[in-house]
Engineer: 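Once you've had a glance at the structure underneath, I'll fire off some questions.
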Amino acid sequence: MRRYGLSLFAVVTAVFLSVPLLASEPVSLSPKEQLGKILFFDTNLSSPEGQSCAGCHGAEVGFTGPDEEVNKGEAVHEGATKGRFGNRKPPAASYAGDSPVLHFDKEEKVWVGGMFWDGRATGKTLSDPLAEQAQGPFLNPLEQNVPDTKTLCTKIKQSSYASLFEEVWGKGSLDCGDRVLATYDRVARSIAAYERSREVNPFTSKFDFWMRKKAKLSKEEMAGLALFEGKGKCAECHPSKPGPKGTSPVFTDFTYDNLGIPKNPDNLFYGMAAKWNPQGTAFVDTGLGGYLKGAGYKETVYKAEMGKFKVPTLRNVDKRPSPGFVKSFGHNGTFKSLKEIVHFYNARDVFPKCEGMSGPKPGENCWPAPEVSSNVNREELGNLGLSEAEENAIVAFLKALNDGYNPEK
Ligand code: HEC
Ligand code: HEC
């Protein structure tokens with residue numbers, strides 16, 4: 001359908017195939033990346049204290065939701081304040097730095113870029129979506145819940161790393177007075193620097209070693225890759241080839257699609273007070289279209305984007321602290337295994353809707369209705385005709401995208 005090439009930031013963050021990197025090699029961070037790392041892991045920067053970015057983006061799960069009990073059900077991670085939940089599953093905070101400023105690509109006729117599932121951290125203010133995103137969670141009452149930028153700034157000023165901040169940004173840069181907003185921009189840019197660092201984007205999966213001819217993919221993984229790029233059509237949205245300048249693929253083209261994923265009935269956002277969720281159980285997540293509508297775009301613009309979500313990276317999609325650990329997939333985390341979501345891609349349009357059916361067995365004889373039934377992509381998925389073994393091969397290939405592969409073992 002479309003393929004989106006290299007973006008603005010690719011030049012800065014891309015890792016070139018020729019660069020040898022071993023999983024065991026220690027990564028050294030620049031002072032700015034180091035500052036960003038401390039900010040990312042500082043549990044003091046919430047109200048009440050106790051929640052950092054890493055609380056919802058754990059390295060051990062590929063910088064996504066680290067709480068297994070949460071992943072098994074609601075998939076939305078609780079904020080710093082007990083009982084407060086957002087409406088979506090945390091996507092990976094890694095391999096996101098190449099997403100360009102949100103824009104409409106007139107040639108391909110698709111929206112591209114921005115941060116969050118719906119692109120609302122557009123990047124237009126800071127010319128960097130990743131930095132702009134980092135300004136969201138601290139002040140979000142459903143997340144870290146810090147009352148204002150001054151409070152956040154003061155916490156940093158009183159921290160042990162205040163001197164590192166001034167070392168990175170200059171004397172007087174940690175201004176919590178009149179110029180607190182400029183300080184907040186520096187906080188965000190430091191975090192973005194860490195999120196773009198080699199530590200967060202190591203490109204050390206078995207697939208990476210295979211691309212550099214330093215490891216072999218198994219027969220099943222090779223079959224999975226061929227299906228990923230061929231019959232399964234996955235690479236049409238999750239590109240798997242090096243960029244034109246030889247950069248490693250991040251398995252997203254940063255465009256938006258409605259896959260027809262059903263609601264996650266366990267999403268605790270449905271039960272949130274009207275102040276946060278006026279629609280209650282009737283809440284429907286309209287993704288990019290909802291954002292564009294709220295931002296004042298015309299109906300002729302937003303209508304075609306209702307129900308579309310940003311294509312996520314597939315790097316580390318299977319990364320887990322232990323083999324049986326449950327992760328969730330999709331913007332609302334309704335899928336609980338890779339096999340399930342691959343089966344959905346394969347057979348979404350093969351069965352009728354479960355609603356009103358006697359003895360419904362999702363994935364076997366029916367599927368729950370899509371969360372948003374307009375704009376569902378029926379060209380690239382839904383009835384792929386994959387056999388069970390082919391589905392399994394795709395899953396095997398996805399598992400080869402986990403960082404930390406050791407080619408010497
Ligand atoms: C309470 C859980 C929670 C906390 C705390 C949290 N996040 Fe997130 N994060 C999420 C969720 C949920 C989303 C998706 C929200 C959406 O799309 O509306 C998200 C989205 C993101 C994304 C977007 C990735 C993409 O590809 O679009 C990045 C990057 C990110 N978070 C980084 C951070 C940083 C940096 C912090 C700390 C300043 C942080 N998060 C704190 C839950 C959290
Ligand atoms: C038409 C574009 C498109 C195609 C083709 C496509 N995907 Fe996706 N993929 C997406 C989008 C968009 C999402 C997020 C959708 C949502 O959450 O509503 C997604 C989500 C996923 C997720 C969940 C990741 C996460 O972090 O939650 C996995 C896994 C995945 N895709 C794998 C695949 C595989 C395997 C194939 C081929 C069988 C494939 N995709 C084909 C666009 C596509």
Side-chain angles (χ1 to χ4, degrees), residues 1-2 36 39-42 45-46 51-57 62-65 67 75-80 84-97 99 114-121 129-131 133-140 142-145 187-188 191-192 194-195 224 227-229 231-238 251-261 285 287 291 307-314 316-318 327-335 338 340-346 370-372 377 379-381 384 386 390-391 394-395 397-398:
M1 185 172 121
R2 75 278 137 124
L39 291 163
F40 192 91
F41 286 92
D42 189 351
L45 303 180
S46 68
Q51 184 165 61
S52 69
C53 307
C56 298
H57 300 281
F63 290 95
T64 155
D67 188 326
V76 293
H77 280 55
E78 195 169 31
R84 286 194 189 167
F85 297 90
N87 50 14
R88 295 178 184 142
K89 183 202 83 161
S94 50
Y95 298 107
S99 186
M115 216 47 72
F116 287 124
W117 286 107
D118 60 5
R120 71 186 185 283
L130 195 57
Q133 188 288 327
Q135 297 195 321
F138 289 124
L139 306 185
N140 184 340
L142 303 182
E143 296 185 330
Q144 279 152 287
N145 191 38
V187 169
I191 293 175
Y194 172 61
E195 288 172 323
L227 292 161
F228 190 92
E229 293 177 340
K231 193 173 170 186
K233 302 192 175 143
C234 316
E236 302 212 358
C237 305
H238 302 281
F251 293 85
T252 166
D253 60 4
F254 305 109
T255 61
Y256 292 78
D257 256 288
N258 182 3
L259 305 185
I261 289 184
D285 196 340
Y291 160 67
K308 293 190 184 174
F309 293 87
K310 197 173 73 195
V311 180
T313 181
L314 296 182
N316 293 318
V317 74
D318 185 62
K327 289 183 79 171
S328 68
F329 304 100
H331 68 274
N332 57 24
T334 194
F335 295 108
L338 289 174
E340 252 180 72
I341 190 168
V342 170
H343 183 55
F344 179 78
Y345 274 107
N346 182 26
E371 180 155 10
V372 176
N377 185 325
E379 284 159 34
E380 291 163 301
L381 61 142
L384 299 172
L386 300 170
E390 288 177 325
E391 284 185 4
I394 292 178
V395 172
F397 171 67
L398 294 175

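First listed ligand is number 1; within each ligand, the first listed atom is number 1.
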Engineer: Can an N, O or S atom be found in H238 less than 2.8 Å away from atom 8 (Fe) of ligand 2?
Structural biologist: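 Yes, H238 qualifies, because one of its backbone or side-chain N, O or S atoms lies under 2.8 Å.
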Engineer: Using a strict 4.0 Å cut-off to heavy atoms of E195, name the atoms of ligand 1 that fall inside it.
Structural biologist: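 Near E195, meaning under 4.0 Å from one of its heavy atoms, ligand 1 has 29 (C), 32 (C), 35 (C).
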Engineer: For G62 and S94, which heavy atoms make the closest approach, and how far apart are they?
Structural biologist: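 Minimum heavy-atom contact is O-OG, 3.8 Å.
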Engineer: N/O of F138 under 3.5 Å from N/O of ligand 1, yes or no?
Structural biologist: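 Checking ligand 1 against F138, no N or O pair falls under 3.5 Å apart.
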Engineer: Nearest heavy-atom pair of F329 and K89: which atoms, and what distance?
Structural biologist: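 In this case the closest contact between F329 and K89 is CA-NZ, 3.9 Å.
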Engineer: Drop me the distance from Y256's OH to C237's SG, to the nearest 0.5 angstrom.
Structural biologist: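 Reported value, rounded in 0.5 Å steps: 13.5 Å.
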Engineer: Have a look at ligand 1 and work out which part of L130, if any, has a heavy atom under 4.0 Å from it: side chain, backbone, both or neither.
Structural biologist: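 Under 4.0 Å from ligand 1, L130 contributes side-chain atoms alone.
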Engineer: Can you list the ligand 1 atoms lying under 4.0 Å from a non-hydrogen atom of S52?
Structural biologist: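 Within the 4.0 Å cut-off of S52, ligand 1 contributes 5 (C).
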Engineer: Which bit of D257 gets closer than 4.0 Å to ligand 2, counting heavy atoms only: side chain, backbone, both or neither?
Structural biologist: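 Looking at D257 and ligand 2, atoms from backbone and side chain both fall under 4.0 Å.
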Engineer: Between K310 (side chain) and G119 (backbone), is there a donor-acceptor pair under 3.5 Å?
Structural biologist: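 No, because the side chain of K310 does not come within donor-acceptor range (under 3.5 Å) of the backbone of G119.
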Engineer: Are any of the side-chain heavy atoms of F116 and Q133 separated by less than 4.5 Å?
Structural biologist: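 Sidechains of Q133 and F116: in contact.
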Engineer: Only heavy atoms of I261, strictly under 4.0 Å: list the atoms of ligand 2 that pass.
Structural biologist: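 In order of number, 15 (C), 16 (C), 17 (O), 18 (O).
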Engineer: Taking atom types as modelled and ignoring hydrogens, do the side chains of D253 and T255 form a donor-acceptor contact shorter than 3.5 angstrom?
Structural biologist: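 Result is yes, a qualifying pair exists.
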Engineer: Sort out for me which residue in K231, E390, E391 forms a side-chain contact (heavy atoms from CB on, under 4.5 Å) with N346.
Structural biologist: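 Testing N346 for a side-chain contact (heavy atoms from CB on, under 4.5 Å) against K231, E390, E391 leaves exactly one candidate, E391.
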Engineer: Any side-chain heavy atom of H57 sitting closer than 4.5 Å to one from F40?
Structural biologist: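 Touching, per the 4.5 Å side-chain cut-off.
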Engineer: Quick one: look at K233 and ligand 2, take heavy-atom pairs under 4.0 Å, and tell me if it's side chain, backbone, both or neither.
Structural biologist: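 Backbone only; the side chain of K233 stays clear of ligand 2.
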Engineer: Under a 4.0 angstrom heavy-atom cut-off, which atoms of ligand 2 come close to N377?
Structural biologist: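 Those atoms are 1 (C).
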Engineer: Over all heavy atoms of both residues, which pair between Q135 and A188 is shortest? Give the atoms and the distance, please.
Structural biologist: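 Smallest interatomic distance, heavy atoms only, reads CG-CB, 3.5 Å.
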Engineer: Would you mind finding which of Q51, E78, R88, R120 brings a heavy atom closest to atom 12 (C) of ligand 1?
Structural biologist: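 Answer by nearest heavy atom: R88.
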Engineer: Side-chain contact test, heavy atoms from C-beta onward, threshold under 4.5 Å: evaluate it for F63 versus T313 and give yes or no.
Structural biologist: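 SC-SC contact between F63 and T313 ruled out.
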Engineer: Select one of side chain, backbone, both or neither to describe which atoms of T64 lie under 4.0 Å from any atom of ligand 2, heavy atoms only.
Structural biologist: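 It is neither part, as no heavy atom is under 4.0 Å.
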Engineer: How close do P90 and C56 get, heavy atom to heavy atom, and via which atoms?
Structural biologist: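 Closest approach of P90 to C56: CB-O, 3.3 Å.
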Engineer: With heavy atoms of C237 as the reference, note each atom of ligand 2 found under 4.0 Å away.
Structural biologist: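 So the atoms of ligand 2 that pass are 1 (C), 2 (C), 3 (C), 4 (C), 5 (C), 42 (C), 43 (C).
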Engineer: Mark up the atoms of ligand 2 that fall under 4.0 Å of a heavy atom belonging to L338, in ascending order.
Structural biologist: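 Near L338, meaning under 4.0 Å from one of its heavy atoms, ligand 2 has 29 (C).
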Engineer: Do any N/O atoms on G330 end up under 3.5 angstrom from N/O atoms on ligand 2?
Structural biologist: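 N/O-N/O distance under 3.5 Å: yes.
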Engineer: Would you mind running through ligand 2 and noting each atom that sits below 4.0 Å from a heavy atom of G232?
Structural biologist: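 Matching atoms, with element in brackets: 37 (C), 38 (C).
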Engineer: For ligand 2, find out whether one of its N or O atoms is nearer than 3.5 Å to an N or O atom of H331.
Structural biologist: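 In this structure, H331 places an N or O atom under 3.5 Å from an N or O of ligand 2.
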Engineer: Please walk me through it: do F397 and L227 pass side chain to side chain contact (heavy atoms under 4.5 Å, CB included)?
Structural biologist: CA-CA 9 Å; F397 171 67; L227 292 161; over 6 Å; no
Engineer: Checking contacts here: is it the side chain or the backbone of L314 that comes within 4.0 Å of ligand 2, counting heavy atoms only? Could be both or neither.
Structural biologist: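 Side chain only.
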Engineer: Which atoms of the protein, restricted to N, O or S, are nearer than 2.8 Å to atom 8 (Fe) of ligand 1?
Structural biologist: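 Only H57 NE2 fall inside 2.8 Å of atom 8 (Fe) of ligand 1.
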Engineer: Test side chain to side chain contact (heavy atoms under 4.5 Å, CB included) on F335 and I261 and set out the steps.
Structural biologist: CA-CA 9 Å; F335 295 108; I261 289 184; 3.9 Å; yes
Engineer: Which option, P312, G260, G62, C234, owns the non-hydrogen atom nearest atom 38 (C) of ligand 2?
Structural biologist: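 Closest candidate by heavy-atom distance is C234.
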Engineer: Measuring from the heavy atoms of E379, does anything fall under 4.0 Å of ligand 2?
Structural biologist: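 The answer is no: ligand 2 sits nowhere under 4.0 Å from a heavy atom of E379.
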Engineer: Any idea which of Y345, F344, F251, F397 brings a heavy atom closest to atom 30 (C) of ligand 2?
Structural biologist: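 Going through Y345, F344, F251, F397 one by one, Y345 has the nearest heavy atom to atom 30 (C) of ligand 2.
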Engineer: Just so I know, are the side chains of F138 and I191 near enough to count as touching, which here means a heavy-atom distance under 4.5 Å?
Structural biologist: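 SC-SC contact between F138 and I191 confirmed.
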Engineer: Do D285 and F309 have side chains that get closer than 4.5 Å, going by heavy atoms?
Structural biologist: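 Side-chain contact under 4.5 Å: yes.
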Engineer: So do V342 and L398 actually touch side chain to side chain, heavy atoms under 4.5 Å?
Structural biologist: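 Yes, at least one pair of side-chain atoms sits under 4.5 Å.
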Engineer: So, the side chain of Q51 versus the backbone of N145: is there a donor-acceptor pair under 3.5 Å, distance only?
Structural biologist: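 Such a contact is absent between Q51 side chain and N145 backbone.
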Engineer: Please list, in number order, the atoms of ligand 2 under 4.0 Å from a heavy atom of I394.
Structural biologist: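 The atoms of ligand 2 under 4.0 Å from a heavy atom of I394 are 35 (C).
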Engineer: Parallel, tilted or perpendicular: which fits the ring planes of W117 and H331, with parallel below 30° and perpendicular above 60°?
Structural biologist: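 The arrangement is perpendicular - the two ring planes meet at more than 60°.
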Engineer: Please state which part of N332 comes within less than 4.0 Å of ligand 2, counting heavy atoms only: side chain, backbone, both or neither.
Structural biologist: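 None of N332 does.
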Engineer: Is R88 close to D118 at the side-chain level, that is, under 4.5 Å between some pair of heavy atoms?
Structural biologist: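 Counting from C-beta outward, D118 and R88 do come under 4.5 Å.
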Engineer: Heavy-atom contacts under 4.0 Å between N346 and ligand 2: side chain, backbone, both, or neither?
Structural biologist: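 It is neither; nothing of N346 touches ligand 2.
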Engineer: If you count the atoms of ligand 1 from 1 in the order shown, which ones are under 4.0 Å from a heavy atom of M115?
Structural biologist: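 What qualifies from ligand 1 is 23 (C), 24 (C), 25 (C), 26 (O), 27 (O).
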Engineer: Within a distance under 4.0 Å of any heavy atom of K89, pick out the atoms of ligand 2 and give their elements.
Structural biologist: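 Taking each heavy atom of K89 in turn, ligand 2 has 25 (C), 26 (O), 27 (O) under 4.0 Å.
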Engineer: Evaluate the side chain to side chain contact (heavy atoms under 4.5 Å, CB included) criterion for residues H238 and V311: first the C-alpha distance (whole Å), next the side-chain angles of each, then the deciding distance (0.1 Å), finally the verdict.
Structural biologist: CA-CA 7 Å; H238 302 281; V311 180; 3.3 Å; yes
Engineer: Suppose I only count heavy atoms of H77 and a 4.0 Å limit; which atoms of ligand 1 are within that range?
Structural biologist: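 In order of numbering, the contacting atoms are 1 (C).
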Engineer: Among F309, Y291, W117, whose heavy atom sits nearest atom 17 (O) of ligand 1?
Structural biologist: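 It is W117 whose heavy atom sits nearest to atom 17 (O) of ligand 1.
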Engineer: Considering only heavy atoms from C-beta outward, does the side chain of T334 approach that of E371 to under 4.5 Å?
Structural biologist: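 No, side chains not in contact.
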Engineer: Could you find the nearest protein heavy atom to atom 15 (C) of ligand 1 and give me its residue, atom name and distance?
Structural biologist: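 Nearest protein contact, heavy atoms only, for atom 15 (C) of ligand 1 is F116 CD2, 3.4 Å.
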Engineer: At what distance is the nearest protein heavy atom to atom 24 (C) of ligand 1, and which residue and atom is it?
Structural biologist: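 Here the nearest protein heavy atom works out to A92 O, 3.5 Å.
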Engineer: Could an N or O of ligand 1 be found under 3.5 Å from any N or O of K310, whether backbone or side chain?
Structural biologist: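 Checking ligand 1 against K310, an N or O pair does fall under 3.5 Å apart.
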Engineer: Quick one: which ligand 1 atoms are inside 4.0 Å of a heavy atom on I191?
Structural biologist: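 Ligand 1 atoms under the 4.0 Å threshold to I191: 35 (C).
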Engineer: Against heavy atoms of E380, which atoms of ligand 2 measure under 4.0 Å?
Structural biologist: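 Every atom of ligand 2 under 4.0 Å from some heavy atom of E380: 1 (C), 5 (C).
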Engineer: Can any side-chain N or O of N258 pair as donor or acceptor with the backbone N or O of V372 at less than 3.5 Å?
Structural biologist: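 Yes, N258 side chain to V372 backbone: donor-acceptor pair under 3.5 Å.
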